[in-house]
Amino acid sequence: MLPAGDFVRVHRSFVVNIQYIQRMGRSEIQMASRQIPIGVSYRAQVEALL
């Protein structure tokens with residue numbers, strides 16, 4: 001139901017708005033003061049978008 005161009009699933013438990021991603025590490029995404037893990041099966045999809 002969310003716009004595909006604005007949101008991406010990064011983990012089984014997390015869907016994030018790509019506009020708010022500040023930094024991406026090898027296994028996590030930094031958003032404001034939160035660190036959100038990147039699931040192994042979602043890593044390639046996240047890297048392709050960013």
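These numbers come from a predicted model, not from an experiment. When a residue number appears, it is its place in the shown sequence, counting from 1.
- Applying the ring-ring contact (aromatic ring centres under 6.0 Å, His included) definition to pairs two or more places apart or across chains, those involving residues 12-42 are His11-Phe14.
- Annotation: side-chain contact (heavy atoms from CB on, under 4.5 Å) contacts of Gln22 (sequence neighbours excluded): Gln30.
- Phe7 belongs to a hydrophobic cluster whose other members, connected by ILVMFWY side-chain contacts under 4.5 Å either directly or through intermediates, are Leu2, Val15.
- With a 4.5 Å cut-off on side-chain heavy atoms, Val10 and Ile21 do not count as touching.
- By the side-chain contact (heavy atoms from CB on, under 4.5 Å) test, Arg43 pairs with Arg26, Ser27, Ile38, Val40, Glu47, sequence neighbours left out.
- The shortest heavy-atom contact between Asn17 and Met31 is O-CE, 4.1 Å.
- With Val16 as the fixed residue, the side-chain contact (heavy atoms from CB on, under 4.5 Å) test singles out one of Asp6, Ile36, Val46: Ile36.
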